[in-house]
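What follows is one structure encoded as structure tokens, with my remarks underneath.
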Amino acid sequence: MNVPFVDLVSQYQGLKDQIVPALENIMGKAQFIMGQDMRLFEQEFATYCTTEYAISVDSGTSALELTLRAFNIGAGDEVITVANTFIATTLAISATGAKPVLVDINPETYNIDATKIEAAITRRTRAIMPVHLYGQPADMDAITKIARNHDLLVIEDACQAHGAQYKGRLTGSLGDAAAFSFYPGKNLGAYGDGGAVVTNNAKVAERLTLLRDYGQKQKYQHLIKGYNRRLDTLQAAVLRAKLPHLNDWNSARRQCAARYNEELKDSDVVLPVDADFAESVYHLYVIRVQKRDQLLAHLQSKGVSAGIHYPIPIHMQPAYEDLGYQKGDFPITEKFADEIISLPMYAELGKDQITYVVSTINEFINNQPRS
Ligand SMILES: *Cc1c(COP(=O)(O)O)cnc(C)c1O
């Protein structure tokens with residue numbers, strides 16, 4: 001049996017009848033840039049996130065970077081985030097000229113350990129950027145409390161958490177602003193790159209519309225020095241066709257996670273835990289095992305595609321040598337980086353496929369010599 005890591009082809013087969021005419025309509029009108037579907041998607045995504053505004057952009061990385069810029073964060077400033085994340089989180093901070101300051105993770109949730117944030121605050125700190133990694137919300141009440149006490153902004157990296165909930169409230173609505181990615185493999189994915197910022201702050205929303213479009217409100221009248229970071233109308237049309245399905249896909253992912261949990265409960269692996277405050281949307285289903293690299297190779301040899309998110313923590317990346325961190329600075333992140341493995345996860349993943357993945361894992365574990 002072959003089990004892919006994600007299966008965007010079977011999702012497309014089911015949506016073809018909606019997507020193809022929408023794309024043809026745009027091409028027929030040649031409304032490629034800032035077309036009607038872009039505006040409509042922004043309204044629909046803001047409604048989905050229960051926020052006042054959504055500003056579409058060309059990627060999740062741009063969404064993060066332009067949000068920081070909209071809040072005038074840049075050179076000389078520090079932004080606190082987490083050592084266990086995708087590099088885009090810190091690249092967005094660095095792109096503004098600000099310095100990423102890292103914090104270790106909570107070993108239960110794999111998200112930023114809120115109890116370690118205060119020690120990372122300096123007089124240069126402007127914002128905390130929690131990442132809702134793997135689709136599970138970070139502990140936002142604890143983070144917001146610290147931010148309030150120190151007069152800091154909270155900018156959510158919600159790039160893996162479309163539709164996830166924290167104490168019944170949607171990610172994206174929990175901080176001062178939030179960034180989403182519509183990279184094809186995300187829970188809500190375009191057919192290319194895309195992203196959005198959501199916020200209730202009218203001024204920041206206004207600034208973001210300028211920043212993404214050459215700093216102009218009217219053509220050729222440039223109020224600030226902006227960028228070209230717009231979402232293609234074609235991508236917006238794809239996202240509009242997909243958004244109504246997002247909740248169903250997320251529930252299907254949660255069911256797949258529950259099935260994995262059940263089938264793996266007697267295996268010698270560490271299962272993911274839904275924090276009591278969280279409803280994860282399982283962008284990734286991540287377990288921990290000993291001999292991770294061998295398991296990965298075994299799965300691959302049996303037709304199962306698995307992944308590692310992420311094998312090298314931010315502070316151990318050559319790109320971030322300049323931050324001056326050492327091995328040992330974030331011990332939980334470092335330990336987990338050697339043990340985590342992400343199993344196939346997508347809404348269409350079948351029962352028999354999960355059973356096959358689990359039996360392939362068990363086959364590997366049971367063939368290990370006892371230690
Ligand atoms: C995907 C992702 C991003 C970046 O999004 P892109 O659309 O790929 O630029 C940022 N942060 C996290 C946690 C992500 O998973």
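Reckoned from all heavy atoms, side chains included, excluding hydrogens, waters and symmetry mates. Whatever order the structure lists ligands and atoms in, that order sets their numbers, starting from 1.
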Check: Asp157 N/O within less than 3.5 Å of ligand 1 N/O: yes

Distance flag, aromatic centroids of Tyr134 and His283, threshold under 6.0 Å: no

Ala88: numbered ligand 1 atoms lying under 4.0 Å from its heavy atoms: 3 (C), 4 (C), 10 (C)

Contact check: Thr85 vs ligand 1, nitrogen or oxygen atoms, below 3.5 angstrom: no

Proximity to ligand 1 by part of Lys186, non-hydrogen separation under 4.0 Å: side chain

N/O separation below 3.5 Å, Gly60 to ligand 1: yes

Arg124 with Asp77: basic N within carboxylate O range, under 4.0 Å: no

Where ligand 1 meets Cys159 - atom numbers and elements under 4.0 angstrom, heavy-atom basis: 2 (C), 3 (C), 10 (C), 11 (N), 12 (C), 14 (C)

Proximity of His309 and Phe86 rings by center, below 6.0 Å: no

Over-ring placement of Arg288 relative to Phe336, 6.0 Å and 45° cut-offs: yes

Top protein contact for atom 8 (O) of ligand 1, by heavy-atom distance: Ser181 OG, 4.0 Å

Cation-pi check, Arg169 onto Tyr166 ring (under 6.0 Å, within 45° of axis): no

Contact (N/O only, under 3.5 Å) between Thr61 and ligand 1: yes

Proximity flag His132 to ligand 1, non-hydrogen atoms under 4.0 Å: no

Nearest-contact summary for atom 15 (O) of ligand 1 - protein heavy atom, Å: Gln160 NE2, 2.8 Å

Presence of salt bridge, Lys167 and Asp141, under 4.0 angstrom: yes

Asp274 bridged to Arg254 by N-O distance under 4.0 Å: yes

